[in-house]
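What follows is one structure encoded as structure tokens, with my remarks underneath.
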Number of protein chains: 2
Amino acid sequence: MRRPLRVNGGRLDGLTATDDTMPNTHANSAVPRPTEAELDILRVLWDRGACTVREVHEQLHADGGAGYTTVLKLMQIMHAKNLVSRDDAQRAHVYRAAVTRQRTQKRFLAEMVTRLFNGSPSQLVLHALGEAPRASKAELRQIRELLDRIDRRGKPQ
Amino acid sequence: MRRPLRVNGGRLDGLTATDDTMPNTHANSAVPRPTEAELDILRVLWDRGACTVREVHEQLHADGGAGYTTVLKLMQIMHAKNLVSRDDAQRAHVYRAAVTRQRTQKRFLAEMVTRLFNGSPSQLVLHALGEAPRASKAELRQIRELLDRIDRRGKPQ
DNA sequence: TCTTGTCAACGAAGGTCTTCGTAATTCCCA
DNA sequence: TGGGAATTACGAAGACCTTCGTTGACAAGA
């Protein structure tokens, strides 16, 4: 029986693609897409910079969500996946995000566009804009400026 | 040991939230978020309308990706999850998407905003727009029109 | 009627993800 | 130097996802 070995796990849930054929800078291609719990940890690392496991655990599950070893295990796995880097000079290892927030956002957006918006980013923009009428004036202005820049630059079609 | 039963599987990967506290119309809340393979099937049903398992399989794996029974099993599971409805009047059951594309897009977008964009939809818009300078003039105009409408209507801040 | 082909149902295997319990390690302090 | 406390490492369990093989039902044609 042909049972193709799966890459990112097998059950990638909802969004994926993992083509990495985009003209990306840096080519962060090796790292897999972070899972749900991994994303929670990345958010902490993005917001607070380098952290020990204890710090992440306290930030995330101060109320007793998951245990310390759970977070530890996750971060070890993330290290094996190259999602985080680790400084083990001290007894309490210090972890740091190895993928940027920007890059991760971009990745998830691209997958979303591919799988849910027929590959049309502007369709996604339209939907997101529709769901988000609570934007501040500053944000709306920012969006308009970006639109202007796109208009001036590339002149597709 | 406290081992909280997981709802949507447990390993929801990357994006989730499943709060359903948004002021949604219709409240499609019962159905879980579709997984990757389920989304592939939904796309076919959205594009082609009601289909038999065979049709979906041929559309999706004509080149021999996954076997017929794989698709069948998936669609049975989706039926159990209320992601699709089924008409078993004929021998070959006819399946139909029970969740709309719009609604699913909205759901994924909301989760993405929550987990990756600090709850700011306009941040997501900015990123998506940045990654998508290939929009046609018509699309750009559409986006501007939506912006105008938002400006005129709600006047937040 | 018998055969052949299609299809749904069932069960199971192999992977991940998430969560811990437990053991081993290391550091500090009395 | 001998605990204790904090941390890392290891392994395993439970839940799901994805993929199929197999079986049984059923229909159409020879």
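All values below come from the heavy atoms of this structure, side chains included, with hydrogens, waters and symmetry mates left out. Sequence lines set the chain letters: A, B, ... in the order given, protein chains first and strands last, and positions in each chain run from 1. Treat the numbers as computed from the prediction; the structure is a model and nothing was measured.
Put simply, CD on Glu38(A) is 13 Å from P on dT16(C), counting in whole angstrom units. Rounded to an integer number of Å, the gap from CD1 of Ile41(B) to P of dT18(D) is 9 Å. Between the C1' atom of dT18(D) and the NZ atom of Lys81(B) lies a distance of 11 Å, rounded to the nearest Å. Regarding His57(A), its NE2 atom lies at a distance of 14 Å from the C1' atom of dA6(D), rounded to whole Å. For the pair Glu55(B) CD and dA8(C) P, the interatomic distance rounds to 11 Å; values are reported in whole Å. Protein atom CE of Met75(B) is 9 Å distant from nucleotide atom P of dA8(C), rounded to whole Å. The separation between His79(A) atom NE2 and dT7(D) atom C1' is 16 Å, rounded to whole Å. Taking atom CD1 on Ile77(A) and atom P on dG15(C), their separation rounds to 16 Å, with Å as the unit.
Contact check, Thr70(A) against dT18(C): no side-chain N or O comes under 4.0 Å of OP1 or OP2. At the phosphate of dT7(D), OP1 or OP2 sits under 4.0 Å from a side-chain N or O atom of Arg54(A). Side-chain N/O atoms of Lys73(B) include none lying less than 4.0 angstrom from OP1 or OP2 on dC7(C). Under 4.0 angstrom from either OP1 or OP2 of dT19(D) there lies no side-chain N or O belonging to Tyr68(B). Taking side-chain N and O atoms only, Gln76(B) has a distance below 4.0 Å to OP1 or OP2 of dA9(C). The side chain of Arg33(A) contributes no N or O atom lying less than 4.0 Å from OP1 or OP2 of dC17(C). In this model, the phosphate group of dT19(C) is not approached by any side-chain N or O of Thr69(A) to a distance below 4.0 Å at OP1 or OP2. OP1 or OP2 of dT18(C) has at least one side-chain nitrogen or oxygen of Thr35(A) nearer than 4.0 Å.
Between the side chain of Trp46(A) and the backbone N or O of Val99(A) there is at least one donor-acceptor pair closer than 3.5 Å. Here the side chain of Thr100(A) pairs a donor or acceptor atom with the backbone of Arg103(A) at under 3.5 angstrom. Checked by atom type and distance alone, the side chain of Asp87(B) pairs as donor or acceptor with a backbone atom of Ala89(B) at under 3.5 Å.
The hydrophobic cluster containing Val31(B) does not contain Ile77(B), counting ILVMFWY residues as joined when their side-chain heavy atoms lie under 4.5 angstrom apart, directly or transitively. Val94(B) and Leu45(B) are members of different hydrophobic clusters when ILVMFWY side chains are connected at heavy-atom separations under 4.5 Å.
Comment: Asp148(A) engages Arg144(B) in a salt bridge, judged by a side-chain N to carboxylate O separation of less than 4.0 angstrom. The pair Asp151(B)-Arg141(A) fails the salt-bridge criterion, with no side-chain N (NZ, NE, NH1 or NH2) lying under 4.0 Å from an Asp/Glu carboxylate O.
Distance from the side chain of Leu74(B) is smallest to dT19(D) among dT25(C), dT19(D), dT8(D). Set against dT8(D), dC20(C), dC7(C), the side chain of His93(A) has dT8(D) as its closest nucleotide. For Ala37(B), the side-chain atoms get nearest to dT18(D) when compared with the rest of dC20(D), dA9(D), dT18(D).
Checked against Met112(B) for a side-chain contact (heavy atoms from CB on, under 4.5 Å), the options Met112(A), Glu111(A), Gln105(A) give a single hit: Met112(A).
Using a 4.0 Å cut-off on heavy atoms, none of the residues of residues 42-50 of chain B approach DNA chain D.
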